[in-house]
Asker: 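If you scroll down you'll find the structure; I have some questions about it.
Labels below follow one simple rule: chain letters A, B, ... track the order of the sequence lines, proteins then strands, and each chain is numbered from 1.
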Protein chains: 2
Amino acid sequence: MTNSTAPDQDGPGFALPLLLFAGFRTLIDRLHAELAVQGHPELRPSHGFALQAIGTAGTTASEMGRRLGVSKQAAGKTADRLEALGYVERVDDTQDARRKLVRLTAHGVDALVRSARIFDELRAEWAAALGPQQLRDMEAGLRRMTPGNFFRLDAPGWFSS
Amino acid sequence: MTNSTAPDQDGPGFALPLLLFAGFRTLIDRLHAELAVQGHPELRPSHGFALQAIGTAGTTASEMGRRLGVSKQAAGKTADRLEALGYVERVDDTQDARRKLVRLTAHGVDALVRSARIFDELRAEWAAALGPQQLRDMEAGLRRMTPGNFFRLDAPGWFSS
DNA sequence: ACCTTTTCGACAACCACGTTGACTATGTTA
DNA sequence: TAACATAGTCAACGTGGTTGTCGAAAAGGT
């Protein structure tokens, strides 16, 4: 009989997280290689999460921090960098003088639109290579094994290429 | 008329990398929650990769950097932090006066052994929840879609528990 | 209306983790 | 021996995160 925690025909347990991370990195690297070609060479992986957190409606730095699971100060610094790169702009909130809305520029919206399309294309590649049903099974399995709904990125440096 | 890149029954393409990352994060978070209980509360995820790159045989900071894909300076700083935490020690190489061997302490080896066992247990949980074959399919699919040696595990001795 | 509490944005100090470039000491090789 | 390659270190810096503090502005209770 095989070992209950690591049967002979299966790899060691540590391969699973490595494979998941490698899959993630592969997709993210390909996304940014494409984005670089399509007019967004300066956009880094962490910026994508931040732009997604801001959304087309815009938001404040504090709310951004809540969505990303980081402090409002960290979110504010990220907004500073995105502002310097031309992806967002800050406007005063006329309703609430404390707030400063962080809003996507046309460049920022363009990055979001292109990212969505590139991700769809990459997923289609995977579906073609693995078969649509196996890919759906993979996604369903991951959904089952992970707490739903996070695009938190308190993993600095893990995807910094 | 379904979109060719994102059929209606499938989620949007951007869900795939998020799910892969969520799976990775879930496993890593659970690993470190367990490690914290088992005497390694200070160990951070990046430290695990570094310890693995050092291996039971020990290595130099430069070689560490090559294995991890970072500069020798960055690897040296990581070794500094691991040394301060008691996971590694530095010894002079009697064969080559330029080199300083970074070697795991007993504490470092303990962390590696426990990590391997915890990963095996986590994989067994996934196998029980998803079925062994679907998990194997997931791993095989990921292996197919990712470049082979993403992280080199040249020192496989540490998972033989 | 007034006072208290909460929230927002900003500033400062700091840490983790990475980068280049420059430099010394030591091996290696033509 | 001279030239070159490599190991380690120091310095300066960039990015992305943390806590703590603060003043200004909004919100709420009396």
Asker: Could I get the full list of side-chain contact (heavy atoms from CB on, under 4.5 Å) partners for A/Arg143, not counting sequence neighbours?
Answerer: A/Glu139, B/Leu19
Asker: Using side-chain contact (heavy atoms from CB on, under 4.5 Å) as the criterion, list what pairs up with B/Gln133, not counting sequence neighbours.
Answerer: B/Arg136, B/Asp137
Asker: Which residues within residues 71-92 of chain A lie with some heavy atom under 4.0 Å of an atom in DNA chain C?
Answerer: A/Lys72, A/Gln73, A/Lys77
Asker: Show every ring-ring contact (aromatic ring centres under 6.0 Å, His included) that has at least one partner inside residues 53-75 of chain B, sequence neighbours left out.
Answerer: none
Asker: Who passes side-chain contact (heavy atoms from CB on, under 4.5 Å) against A/Glu34, sequence neighbours left out?
Answerer: A/Gln38, A/Ile118
Asker: What ring-ring contact (aromatic ring centres under 6.0 Å, His included) pairs are there with at least one residue in residues 69-99 of chain A, not counting sequence neighbours?
Answerer: A/His40-A/Tyr87, A/Tyr87-A/His107
Asker: Considering just the side-chain nitrogens and oxygens of B/Arg44, establish if one lies under 4.0 Å of OP1 or OP2 belonging to C/dC15.
Answerer: no
Asker: To the nearest 10 degrees, what angle separates the axes at the start and end of the helix from C/dA1-D/dT30 to C/dA30-D/dT1, five pairs each?
Answerer: 10°
Asker: Return the set of residues passing salt bridge (charged side-chain N to carboxylate O under 4.0 Å, His left out) with A/Arg90 (not counting sequence neighbours), or none when no residue passes.
Answerer: A/Asp80, A/Glu83
Asker: So A/Thr146 and B/Phe24, side chain to side chain contact (heavy atoms under 4.5 Å, CB included) or not? Walk me through it.
Answerer: CA-CA 9 Å; A/Thr146 57; B/Phe24 171 73; over 6 Å; no
Asker: I want to check one thing: is the phosphate of C/dA16, taken as OP1 and OP2, less than 4.0 Å away from some side-chain N or O of B/His47?
Answerer: no
Asker: In residues 94-102 of chain A, which ones come under 4.0 Å of DNA chain C, going by heavy atoms?
Answerer: A/Arg98, A/Arg99, A/Lys100
Asker: Can you list every salt bridge (charged side-chain N to carboxylate O under 4.0 Å, His left out) pair that touches residues 100-111 of chain B, not counting sequence neighbours?
Answerer: B/Asp110-B/Arg114
Asker: Listed by chain and number, what are the side chain to side chain donor-acceptor pair (under 3.5 Å) partners of A/Glu125, not counting sequence neighbours?
Answerer: A/Arg30
Asker: Could you state the atom-to-atom distance from CD of B/Glu63 to C1' of D/dA5 in whole Å?
Answerer: 16 Å
Asker: Excluding sequence neighbours, so at least two apart, what forms salt bridge (charged side-chain N to carboxylate O under 4.0 Å, His left out) with B/Arg99?
Answerer: B/Asp93
